[in-house]
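Data first, discussion second: the structure below is written as structure tokens.
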Amino acid sequence: NMLVDAGIQEIQMGILNRLRGTAIAGELGNDIVFSSQPPYEVLYTPEFNPEEMQWLQRFARYFDRYYNRKNFPESLKLLWETAATPFAAFAGLSDWVWEREGQTHHLPLVQLAEHLYWYLAERKCHEPSLIAQTIESDFRRLRGRRDKLKTPDPV
């Protein structure tokens with residue numbers, strides 16, 4: 001929340017990985033369970049069960065696509081208004097997209113834009129036309145973008 005509020009341009013989130021044979025692997029004992037396959041991500045800890053760890057991975061992946069890649073800088077300002085904190089606002093969007101897609105990869109930018117539109121429109125935080133215009137503007141910032149967004153035409 002503080003990093004978003006401060007306008008930090010990239011906020012990297014991710015799950016801890018371990019490298020076999022490193023000090024961290026031995027120091028953690030058996031309290032933290034890692035995947036046996038590379039990249040040896042944490043599967044669960046005493047504080048986070050497997051479902052919570054999977055949720056964090058989804059959140060991080062969507063956050064990277066929407067925020068870190070600067071795909072929707074103005075549109076995210078509308079998203080921050082949907083909850084008490086940026087984290088809560090993005091958690092809501094993350095859950096909403098996951099419920100509809102069931103995946104975090106192979107989602108084209110046009111699909112992410114449409115999900116953002118419908119999520120914001122459901123929250124009634126602004127007029128649909130403003131939401132559509134803002135997302136369209138962010139989306140068209142990238143040269144050569146010819147994809148058609150499936151949102152109502154701005155009035």
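Hydrogens, waters and symmetry mates are skipped; everything else that's a heavy atom, side chains included, is used. These numbers come from a predicted model, not from an experiment.
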CG of Leu79 to OG1 of Thr134, rounded to nearest 0.5 Å, is 12.5 Å
Spacing of Asn1 atom CG and Thr85 atom OG1 [to the nearest 0.5 Å]: 4.0 Å
CZ of Arg123 to NE2 of His126: how many Å apart, nearest 0.5 Å? 13.5 Å
Tell me whether Trp55 is reachable from Phe48 by hopping between hydrophobic residues (I, L, V, M, F, W, Y) whose side-chain heavy atoms are closer than 4.5 Å. yes
How long is the gap from CD on Glu99 to OG on Ser94, to the nearest 0.5 Å? 10.0 Å
Taking Asp138 for the side chain and Ser75 for the main chain, is one N or O donor matched with an acceptor at less than 3.5 Å? yes
Output for pair (Gln133 CD, Arg140 CZ), nearest 0.5 Å, gives 13.5 Å
Residues 2-13 vs side chain to side chain donor-acceptor pair (under 3.5 Å), sequence neighbours excluded, gives Glu10-Gln12
Side chains of Pro50 and Leu43, heavy atoms from C-beta outward: is any pair under 4.5 Å? no
Side-chain (Asn71) to main-chain (Tyr66) donor-acceptor, under 3.5 angstrom: no
Heavy-atom closest pair (Asp31 atom, Pro46 atom, distance to 0.1 Å) is O-CD, 3.0 Å
Any side-chain heavy-atom pair of Thr104 and Gln57 under 4.5 Å: no
Can any side-chain N or O of Arg100 pair as donor or acceptor with the backbone N or O of Trp96 at less than 3.5 Å? yes
Are Val110 and Tyr117 grouped together when hydrophobic residues (ILVMFWY) are joined by side-chain heavy atoms under 4.5 angstrom apart? yes
For the residue pair Phe90 and Phe59, does the interplanar ring angle fall in the parallel (under 30°), tilted (30 to 60°) or perpendicular (over 60°) class? perpendicular
Could you report the tightest heavy-atom contact between Leu120 and Thr82, atom names first, then the distance? CD2-CG2, 3.8 Å
Is it true that Tyr40 and Tyr44 fall in one hydrophobic cluster, defined by side-chain heavy atoms closer than 4.5 Å? no
Check: Val97 and Trp118 side chains under 4.5 Å, non-hydrogen atoms: no
Salt bridge (Lys or Arg N to Asp or Glu O under 4.0 Å): pairs with one or both residues in residues 49-62, sequence neighbours excluded: none
Restricting to pairs with a member in residues 77-94, which pass salt bridge (Lys or Arg N to Asp or Glu O under 4.0 Å), not counting sequence neighbours? Glu74-Lys77
Among the clusters formed by ILVMFWY side chains lying less than 4.5 Å apart, do Met13 and Met53 turn up in the same one? yes
Would you indicate whether the side-chain heavy atoms of Val4 and Phe63 approach each other to under 4.5 Å? yes
In terms of hydrophobic clusters joined by side-chain contacts under 4.5 Å, are Leu130 and Phe72 together? no
Does the Tyr62 side chain pair with the main chain of Tyr67, one donor and one acceptor, at a distance under 3.5 Å? no
Side chains of Gln103 and Trp98: is there a donor and an acceptor less than 3.5 Å apart? no
Give, for atom CD1 of Ile131 and atom CG of Leu116, the distance between the pair rounded to the nearest 0.5 Å. 8.5 Å
Under a 3.5 Å distance rule, please check whether Arg65 uses its side chain to pair with a backbone N or O of Leu107 as donor and acceptor. yes
